[in-house]
Amino acid sequence: MLEGMEHDRDITAREETAHVLRDALAAADIKRLVRASREGDGDEVERIRQRYVDG
């Protein structure tokens, strides 16, 4: 029974880590998107958009 609880905690910790990493990557992309928009870099804007819209 305890092994199952440890396994559940391990999965929860990994899911939380993955969530934190996704949030950090999204924040970096937002900064890149703002910069690219200000600089008129349509190619970079499109690459970032495709990552979130197309998959």
Side-chain angles (χ1 to χ4, degrees):
M1 183 72 175
L2 289 177
E3 288 177 12
M5 291 174 62
E6 288 178 21
H7 178 71
D8 290 345
R9 271 185 287 193
D10 187 43
I11 290 172
T12 301
R14 279 187 267 162
E15 288 173 348
E16 185 172 337
T17 299
H19 182 76
V20 168
L21 290 173
R22 281 191 303 270
D23 286 351
L25 289 171
D29 275 342
I30 289 169
K31 289 179 182 180
R32 288 176 51 220
L33 182 61
V34 169
R35 180 187 46 76
S37 294
R38 285 183 181 156
E39 295 174 358
D41 187 349
D43 291 340
E44 180 69 1
V45 169
E46 183 61 18
R47 278 192 292 276
I48 294 168
R49 185 198 70 76
Q50 285 178 351
R51 186 173 18 259
Y52 291 93
V53 175
D54 297 340

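The distance from atom CZ of Arg47 to atom CG of Asp29, rounded to the nearest 0.5 Å, is 11.5 Å. Between atom CD of residue Glu46 and atom CD1 of residue Ile48 there is a gap of 10.0 Å, rounded to the nearest 0.5 Å. How far CZ of Arg35 is from CG of Leu33: 9.5 Å, rounded to the nearest 0.5 Å.
With sequence neighbours left out, the salt bridge (Lys or Arg N to Asp or Glu O under 4.0 Å) criterion links Glu16 to no other residue.
Grouping the Ile, Leu, Val, Met, Phe, Trp and Tyr side chains by contacts below 4.5 angstrom, directly or via other members, places Val45 with Tyr52.
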